[in-house]
Amino acid sequence: MSGTLYIIGTPIGNLEDITLRQLRMLEEVDFIAAEDTRVTRKLLSHYNIKTPAVSFHEHSGEAGARRIAQRIESGESCGIVTDAGMPCISDPGEPLIKLCYEMGIPVTVVPGPSAVVTAIALAGQASGQFVFEGFLPVPKKERSERLKRLIRETRTIILYEAPHKLVRTLADLSEALGANRSISLCRELTKVHEEVIRTCLGEAQELYKEREPRGEYVLVISGANEPADMEEKTYTLEEAARLAQSYAAEGMKKREACKKAAEETGLRSNEIYGAIN
């Protein structure tokens, strides 16, 4: 008879932010699949829990997920945890959940804190509607396309960012969304040095030119709710041609680049193609 996979939330910082049910399940499961066993062991040791932990992270791949799923299928119960917060949200646990469903293995959740919800509650930005974007893509082309989609997003935008990438991300966001767009930078949530800096993208960019980013960040950015943010741009043929050339420089064929530029500018693809030749 198959065991069960338990998705178990853990504290995002303060170790006291844990429920009785989480503690019970961490102790009762046969083994724990942890993003980083060293981090998880600190939590388990704090509560004197002896359950064995195995590593399951972004480099474990399908083979790693299948090894864990096969153990559960054979009758063992497993609790999957991330280093902090809810597993499977911008987290390597996602493939294991999908595989268990495909194999008919029972999956249930033991909910806990989430940096996303904690940040939106604390940020002082509009919280009625928001969109979680996780981490921005690193490759230039994918990153550019994601930022373009966010320009007209009217809901509050939530991003994760590591300290060593923060300066670049603030610069890219400021260029795409405008330096005056409001942002709350939530750092080290629930920890001793918890901090929220509520400012605008331009000022945040200048601040971190002088101040070294430290700790993990959740960026909460106001949506495009001002008329100026939503104003339709009228493109000249010259601007459309430059846009097509930028796509071509990223590796697209000229015809494809012109077609994409035409979709964004409202101009005809053939006119753009003629302008860049």
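We're numbering straight along the sequence, starting at 1.
E194 contributes a side-chain N or O that, together with a main-chain N or O of T190, makes up a donor-acceptor pair within less than 3.5 Å. A donor-acceptor contact shorter than 3.5 Å links the side chain of S60 to the backbone of H57. Within the 3.5 Å criterion, the main-chain N or O of S222 finds a donor-acceptor partner in the side chain of R181. The backbone N or O of R71 lies less than 3.5 Å from a partner atom in the side chain of S74, making a donor-acceptor pair. At distances below 3.5 Å, not a single donor-acceptor pair connects side-chain atoms of S174 with backbone N or O atoms of L170. Under a 3.5 Å cut-off, the side chain of T19 and the backbone N or O of Q22 do form a donor-acceptor pair. For T236 (side chain) and E239 (main-chain N/O), a donor-acceptor pair under 3.5 Å exists by modelled atom type. Counting only distance, with no hydrogens or angles, the side chain of S77 and the backbone of D30 share a donor-acceptor pair below 3.5 Å. With hydrogens and angles disregarded, no donor-acceptor distance shorter than 3.5 Å links the side chain of R268 to the backbone of A262. Within the 3.5 Å criterion, the main-chain N or O of A53 finds no donor-acceptor partner in the side chain of T37.
Legend: residues meeting salt bridge (Lys or Arg N to Asp or Glu O under 4.0 Å) with E195, ordered by chain and number and at least two apart, are R187, R211. For E27, there are no salt bridge (Lys or Arg N to Asp or Glu O under 4.0 Å) partners, not counting sequence neighbours. Take Y247 and apply the ring-ring contact (aromatic ring centres under 6.0 Å, His included) test, not counting sequence neighbours, and it matches no residue. Taking F135 as the reference, Y160 meet the ring-ring contact (aromatic ring centres under 6.0 Å, His included) condition, with sequence neighbours excluded. Scored by the salt bridge (Lys or Arg N to Asp or Glu O under 4.0 Å) test, D36 finds R38 as partners (sequence neighbours excluded). Not a single ring-ring contact (aromatic ring centres under 6.0 Å, His included) links F56 to another residue, sequence neighbours left out. Partners of E142 by salt bridge (Lys or Arg N to Asp or Glu O under 4.0 Å), not counting sequence neighbours: none found.
Evaluation of the ring-ring contact (aromatic ring centres under 6.0 Å, His included) test over residues 11-54, restricted to residues two or more places apart or in two chains, returns none. Residue pairs meeting the salt bridge (charged side-chain N to carboxylate O under 4.0 Å, His left out) criterion with at least one partner in residues 124-140, sequence neighbours excluded, are E133-R146. Residue pairs meeting the ring-ring contact (aromatic ring centres under 6.0 Å, His included) criterion with at least one partner in residues 253-277, sequence neighbours excluded, are absent. Within the structure, salt bridge (charged side-chain N to carboxylate O under 4.0 Å, His left out) contacts touching residues 11-22 (residues at least two apart or in different chains) do not occur. The stretch residues 192-212 participates, sequence neighbours left out, in these ring-ring contact (aromatic ring centres under 6.0 Å, His included) pairs: Y208-Y217.
A heavy-atom distance below 4.5 Å is not found between the side chains of Q245 and K254. For the pair C186/V220, a side-chain contact is recorded, criterion being any heavy-atom separation below 4.5 Å from C-beta on.
E212 and R214 are joined by a salt bridge, as a carboxylate oxygen and a charged side-chain nitrogen come within less than 4.0 angstrom of each other. Between K209 and E206 there is a salt bridge, since at least one side-chain N of the basic residue sits less than 4.0 Å from a carboxylate O of the acidic one. Under 4.0 Å is where a charged nitrogen must lie from a carboxylate oxygen, and between K98 and E94 at least one such pair does. Taking 4.0 Å as the cut-off between side-chain N and carboxylate O, R242 and E238 count as a salt-bridged pair. For R24 and E28, the salt-bridge test passes: some basic side-chain N is under 4.0 Å from an acidic carboxylate O.
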Going through the distances and angles, do E73 and S2 end up as a side chain to side chain donor-acceptor pair (under 3.5 Å)?
CA-CA 4 Å; E73 189 178 40; S2 172; over 6 Å; no
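When the shell of 6.0 Å around NZ of K259 is examined, it contains 12 or fewer heavy atoms from other residues, nucleotides or ligands.
V29 and L43 end up in the same hydrophobic cluster when Ile, Leu, Val, Met, Phe, Trp and Tyr side chains are linked at under 4.5 Å. When the side chains of ILVMFWY residues are joined at heavy-atom separations under 4.5 Å, either directly or via intervening members, V131 and L136 end up in a single hydrophobic cluster.
Residues Q125 and T156 bring no donor and acceptor atom of their side chains to less than 3.5 Å of each other.
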